[in-house]
2 protein chains.
Amino acid sequence: MNFKGKPQPVTIPRAAKTLRRTRIQEEKEEQILEAALDVFSASGFRGSTIDQIAEVAGMSKPNLLYYFRTKEAMHRALIDRVLYTWLEPLRAFDAEGNPEEEIRSYIRRKLEMARDFPRESRLFANEVLQGAPHIEDELKGPLKELVDEKAEVIRAWAKSGKIAKCDPYHLIFSIWSTTQHYADFDVQVRAVLGQEHSGEGRFEDAARFLEQLFIGGLRPDRSEA
Amino acid sequence: MNFKGKPQPVTIPRAAKTLRRTRIQEEKEEQILEAALDVFSASGFRGSTIDQIAEVAGMSKPNLLYYFRTKEAMHRALIDRVLYTWLEPLRAFDAEGNPEEEIRSYIRRKLEMARDFPRESRLFANEVLQGAPHIEDELKGPLKELVDEKAEVIRAWAKSGKIAKCDPYHLIFSIWSTTQHYADFDVQVRAVLGQEHSGEGRFEDAARFLEQLFIGGLRPDRSEA
DNA sequence: TGTAATGTTTACCAATCGGTCAAATTATCC
DNA sequence: GGATAATTTGACCGATTGGTAAACATTACA
């Protein structure tokens, strides 16, 4: 897996002797991964069953296992596919841009992803929460490299006084956690806000608050110059 | 369950005809809940098995089921016990105190809990992440009430100009998410920081950054007065 | 249109799941 | 010390788990 090049499908059905993927293969694999995302994101790997996924996908269990040999293979394929798009916002973080504007739009993009792709967020949350047994290598390798790279950008901004001096890693963690919170802890957020504030407006409220928090919190210290 | 009074053990072993709890009961229940916390926090409810818990607890499965009739009962007891202490920091939030100092110490306390009780944090994270099927009532009732109360305090501080005008609910969410992140996403944090920064010092770094972020981000707007 | 490759289903498997039962063991208390 | 209650265990249950075998159906292509 890599974080910089585009992901490519690698699944080869068990019975397929040809190398070319048929139309049916594409459709069914799509259908299965869609269902798997539903189930894995809601119950985690261990808590999910092939039968559940098969039911959601609307096909028989053996049929599903024709396309993905094992439960692990399905999970693996799903993670591979989602990981690339999930890091898109961080990758877009531009060293040449205006720091305040870059941070603002990073927050906004992450928040949009939490709103539009909550299952993807929960898939990762479940995985990491349970010790990341299937993606540890990706975290320690490519993810760390990407974060290291962007942390260096932030550090440079701080050094040149464009933003306040701060630990870039913990800044990134904070943006991750605050934004993904709205996907991962959705039930709690809804419960606390109550019905009256649980509409889609809450994402606008969240965006406004988070921008205020981060832009304000990172404003260059006035006591130095 | 209540969030304001102290929790009290209510488990009654299936075979116990007396009302008094014996020494053995106390010890074994303690032992079981300790093991259950290990397992549930690592795999979520659906992903955990009674056999796993029994093994960790060092006793036979039927013996464990003698003290807790069902898997649900164990989970319930665990949640009940942990929920009270988990909200202690928010409860300590003092309307009469100095706003900046209250927020600072709230962050610090939450961060300390993430460091000292990561399993408890993950237990809730797993539960909420998977739709909070067992604690929905607690979230919508007592938790919401507690948060509502503290949100009002924050709103008053903002109104009187002691801190910047902001949405108090999203402020609380942000503190929750940023601090608990270090428990719930521990593997990821370690992976990204690398071995060199994954020691206990990272909690000091995190505390410093978060205080800077929140105190700076909530500083009363200088353009008003 | 025939046929070989691809796709689907039914029936099934051993292992594990949550949980029960009755018998055996241990602690408690008079 | 003996009766009685509390605790522990091994054997077991039906349901569900991940996964297989092989027969059957469909598709693609010459």
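By convention in this document, chain letters (A, B, ...) are assigned in the order of the sequence lines, proteins followed by strands, and residues within each chain are numbered from 1.
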Quiz prompt | Residues that B/H170 engages under side-chain hydrogen bond (donor to acceptor under 3.5 Å, both in side chains), provided they are two or more places apart | solution = A/Y182
Quiz item: What string of B, S and - do you get for nucleotides 12-17 of chain D 5' to 3' if you count protein non-hydrogen atoms under 4.0 Å?
Solution: -----S
Quiz prompt | Rounded distance (Å) that lies between atom C1' of D/dT20 and atom CZ of A/F68 | solution = 19 Å
Quiz item: To the nearest Å, how far apart are B/N63 CG and D/dA11 P?
Solution: 16 Å
Quiz item: Taking only residues two or more places apart in sequence, or in another chain, which ones meet A/D205 in a side-chain hydrogen bond (donor to acceptor under 3.5 Å, both in side chains)?
Solution: A/R208
Practice problem: Starting from P on D/dG10, measure out to CG on B/L64 and report it in whole angstrom. | Solution: 15 Å
Quiz item: In chain order, what residues pass the ring pair (Phe, Tyr, Trp, His ring centres under 6.0 Å) check against A/H134, with sequence neighbours excluded?
Solution: A/F45, A/H75
Self-check item: Presence of B/S60 side-chain N/O under 4.0 Å of D/dT8 phosphate oxygens OP1/OP2
Solution: no
Practice problem: Using a strict 4.0 Å threshold on nitrogen-to-oxygen distance, state whether A/R202 and A/D186 make a salt bridge. | Solution: yes
Quiz item: Tell me: OH of B/Y66 to P of C/dC21, nearest whole Å?
Solution: 16 Å
Quiz item: Rounded to whole angstroms, how far apart are CE on B/M59 and P on C/dT26?
Solution: 16 Å
Quiz item: side-chain hydrogen bond (donor to acceptor under 3.5 Å, both in side chains) with A/W176: which residues, sequence neighbours excluded?
Solution: A/Y106
Quiz prompt | Given D/dG19, D/dT7, C/dT9, the nucleotide with the shortest approach to the side chain of B/Q25 | solution = D/dT7
Quiz item: Any idea which of D/dA6, C/dG7, D/dG19 is nearest the A/L65 side chain?
Solution: D/dG19
Table please: side-chain donor-acceptor pairs of residues 49-58 of chain B below 3.5 Å, with sequence neighbours left out.
residue, atom, partner, partner atom, Å
B/T49, OG1, B/Q52, N, 3.1

Practice problem: May I have the distance from B/E27 (atom CD) to C/dA27 (atom P), rounded to whole angstrom? | Solution: 11 Å
Quiz prompt | Value in whole Å for how far the C1' atom of D/dG19 lies from CZ of A/R69 | solution = 13 Å
Quiz prompt | Value in whole Å for how far the C1' atom of D/dG18 lies from NE2 of A/H75 | solution = 16 Å
